[in-house]
Amino acid sequence: MRRLCAFIVWVAFGCSVMPTQAASMALDLMDSRDFYQLIPRQGPLAEQFSTIVSSPPSPIRVSQKNAVRIALLLFGDVDSIENRSLLVAFRKRMRELNIDYRLDTYTDKSEWDGDLTPYFKIADSLPDYIVVTRLGPVPRRFLERFLRSGKPKVILYDFASPLTHWINRPPLMYVGFDQKKATSMLASYLDRQLPAEARISALVLPPSYLGHMRCDLFLDEMMKYKRRVERILVVPDDKQEAFMAAKTLLKDSGIDFIFSCAQGISDGVVAALQAQEERSQVQTNTWGVALNGLADLESRRVKVSVLFMKDDLSIAVAEAIKLDLEGRNMPNLYVANAILMPAELDAESLRLMLLQAHHYSVELWQ
């Protein structure tokens with residue numbers, strides 16, 4: 001109870017400095033290469049686990065006396081296609097693994113608004129595992145009390161940058177993507193594909209995990225390639241605000257490409273391009289795409305999309321729980337694959353790539 005009270009006090013007095021906390025967190029992160037170099041035994045375990053995730057499911061080998069209790073903390077709109085896809089893929093893999101489980105979902109609609117209700121409910125429910133789908137300042141402080149005690153066990157979903165502060169008491173597993181690698185891959189592609197004289201602008205996030213791993217890195221990569229980013233606007237990952245910012249940028253008739261640092265920003269930029277009275281040659285990028293969004297690649301409004309193998313994250317969470325129940329060795333970090341979807345590919349190739357990324361939750365994307 002004392003630790004929970006400390007968490008409450010920290011939130012009550014710390015909300016005003018959360019942007020600073022978010023910025024400083026970037027200094028506390030490692031990428032996968034640094035992590036595996038620091039703990040060499042993790043590399044072979046990660047390779048073995050990657051094979052498990054990509055292989056057909058193998059049912060659990062131990063008998064369960066009770067259903068395992070899992071608390072899943074979602075963020076934003078619980079009915080978003082991303083959250084629904086996560087749940088569909090996770091439940092399907094758990095059925096295939098023949099694990100007896102109870103899943104309780106909780107939603108933090110905004111990690112900045114000070115509503116601690118879902119955190120209280122999770123703490124009161126005493127689950128065996130907590131799966132958190134975003135690591136902001138509030139979830140981080142909330143989880144640290146469980147990392148110290150070891151119960152419940154923590155899995156971080158869509159977050160693959162281990163914290164140096166947690167190196168001695170890590171979560172059961174980080175599962176996510178190498179955002180630095182994906183961003184570097186995107187920047188390299190754009191440097192090869194955009195004309196040397198192309199005029200580039202960017203919509204970037206405020207200081208945050210993705211702001212550091214994507215936005216800052218992209219700007220650094222453009223500098224490395226000796227490409228000038230002429231205008232940079234800071235916006236939240238929100239479609240409407242990105243739409244208004246993109247309209248401001250589009251008043252410059254000479255612009256060729258707008259870098260979008262997150263998917264909500266991409267949605268706003270694409271909407272602004274669609275709203276132009278005359279067909280625009282300006283392009284942007286996206287981070288993942290639904291089947292009905294392939295039209296933006298085909299129309300060339302989107303030049304390239306970074307496609308994340310999202311269903312593999314849900315599979316990894318299920319497989320991590322299975323290995324833990326069986327008492328087997330497992331890594332603390334799983335990095336899923338990400339690939340580029342260039343607009344130059346034909347429609348059928350783009351569709352097949354998307355189905356590969358969502359092979360468990362495909363019905364939601366059609």
Side-chain angles (χ1 to χ4, degrees), residues 18 20-53 71-73 75 86 111 129-185 205 207-217 220 262 287 306 308-310 312-321 323-324 328-338:
M18 281 185 183
T20 302
Q21 294 282 348
S24 64
M25 188 176 79
L27 304 176
D28 195 22
L29 301 176
M30 290 183 286
D31 60 26
S32 57
R33 182 176 60 181
D34 293 338
F35 182 74
Y36 295 138
Q37 287 180 345
L38 183 65
I39 314 177
R41 64 182 176 82
Q42 285 283 325
L45 289 173
E47 292 180 5
Q48 295 169 14
F49 188 75
S50 294
T51 300
I52 291 173
V53 170
L72 174 63
L73 180 59
F75 288 82
L86 184 169
E111 63 178 291
Y129 299 91
I130 298 176
V131 182
V132 176
T133 60
R134 185 182 301 170
L135 189 63
V138 173
R140 174 177 174 173
R141 286 301 180 102
F142 174 69
L143 294 176
E144 284 177 343
R145 59 191 292 266
F146 303 120
L147 294 178
R148 286 192 293 267
S149 67
K151 294 181 181 180
K153 296 180 179 179
V154 174
I155 298 175
L156 291 180
Y157 174 95
D158 204 9
F159 193 94
S161 299
L163 273 68
T164 57
H165 186 65
W166 289 359
I167 198 68
N168 294 321
R169 290 179 177 173
L172 181 66
M173 192 176 289
Y174 299 88
V175 301
F177 302 96
D178 188 331
Q179 299 289 346
K180 291 176 66 176
K181 181 179 178 181
T183 303
S184 296
M185 186 168 55
L205 295 166
S208 61
Y209 168 66
L210 282 183
H212 172 68
M213 303 300 285
R214 285 186 189 167
C215 314
D216 294 350
L217 180 62
D220 289 343
W287 303 86
V306 180
F308 298 107
M309 302 293 128
K310 271 296 183 75
D312 285 351
L313 297 191
S314 297
I315 293 170
V317 173
E319 292 288 354
I321 291 172
L323 290 181
D324 187 57
R328 295 168 60 190
N329 289 331
M330 57 193 295
N332 295 120
L333 172 63
Y334 166 71
V335 180
N337 290 327

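Values reported hereafter were calculated over all heavy atoms of this structure, with side chains retained and with hydrogens, waters and symmetry mates removed. Note that this is a predicted model, so its numbers are computed, not measured.
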Spacing of [atom1] belonging to [X] relative to [atom2] belonging to [Y], to within rounding of 0.5 Å:
X	Y	atom1	atom2	answer
Trp166	Tyr174	CH2	OH	5.5 Å
Ser208	Leu135	OG	CG	12.0 Å
Asp216	Leu205	CG	CG	9.5 Å
Met173	Leu323	CE	CG	7.0 Å
Ser32	Met30	OG	CE	10.5 Å
Trp287	Thr183	CH2	OG1	4.0 Å

Do [X] and [Y] have side chains that approach each other closer than 4.5 Å (heavy atoms only, starting at C-beta)?
X	Y	answer
Asn332	Phe35	yes
Tyr129	Asp324	yes
Ile167	Ile39	yes

(request) Name all residues meeting the side chain to side chain contact (heavy atoms under 4.5 Å, CB included) criterion together with Arg33; count only those two or more places apart in sequence or in a different chain, and write none if there are none. (result)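 Arg33 satisfies side chain to side chain contact (heavy atoms under 4.5 Å, CB included) with Asp31, Gln37 only.
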(message) Can you list everything that forms a side chain to side chain contact (heavy atoms under 4.5 Å, CB included) with Ala316? Sequence neighbours excluded, please.
(response)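 Counting only residues at least two positions away or on another chain, Ala316 forms a side chain to side chain contact (heavy atoms under 4.5 Å, CB included) with Phe49, Val53, Val175, Tyr334.
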(request) Can you see which heavy atom on Ala160 is nearest to which on Tyr209, and at what distance? (result)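 Minimum heavy-atom contact is N-OH, 4.0 Å.
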(message) Please find the pair of heavy atoms, one from Tyr36 and one from Leu333, that lie closest to each other, and give the distance.
(response)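 Between these two residues, the closest heavy atoms are OH-O, 3.4 Å.
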(request) Report the C-alpha separation of Gln179 and Leu210 in whole Å, then their side-chain angles, then the decisive distance to 0.1 Å, and conclude whether the side-chain contact (heavy atoms from CB on, under 4.5 Å) test is met. (result) CA-CA 8 Å; Gln179 299 289 346; Leu210 282 183; 3.9 Å; yes
(request) Could you tell me whether a side-chain N or O of Asp158 sits under 3.5 Å from a main-chain N or O of Gly176, the two making a donor and an acceptor? (result)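 Not at all, since once roles are kept as given, no pair shorter than 3.5 Å links the two residues.
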(request) Go through the steps to decide whether Tyr157 and Leu86 satisfy the test side-chain contact (heavy atoms from CB on, under 4.5 Å), and finish with yes or no. (result) CA-CA 10 Å; Tyr157 174 95; Leu86 184 169; 3.5 Å; yes
(request) Given side-chain contact (heavy atoms from CB on, under 4.5 Å), test Asp28 with Arg140 step by step and report yes or no. (result) CA-CA 12 Å; Asp28 195 22; Arg140 174 177 174 173; 2.9 Å; yes
(request) List the steps and the verdict of side-chain contact (heavy atoms from CB on, under 4.5 Å) for Ile321 and Ile155. (result) CA-CA 9 Å; Ile321 291 172; Ile155 298 175; 3.9 Å; yes
(message) With a sphere of 6.0 Å drawn around NZ of Lys310, does it hold more than 12 non-hydrogen atoms of other residues, nucleotides or ligands?
(response)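 Buried by this count: over 12 neighbours within 6.0 Å.
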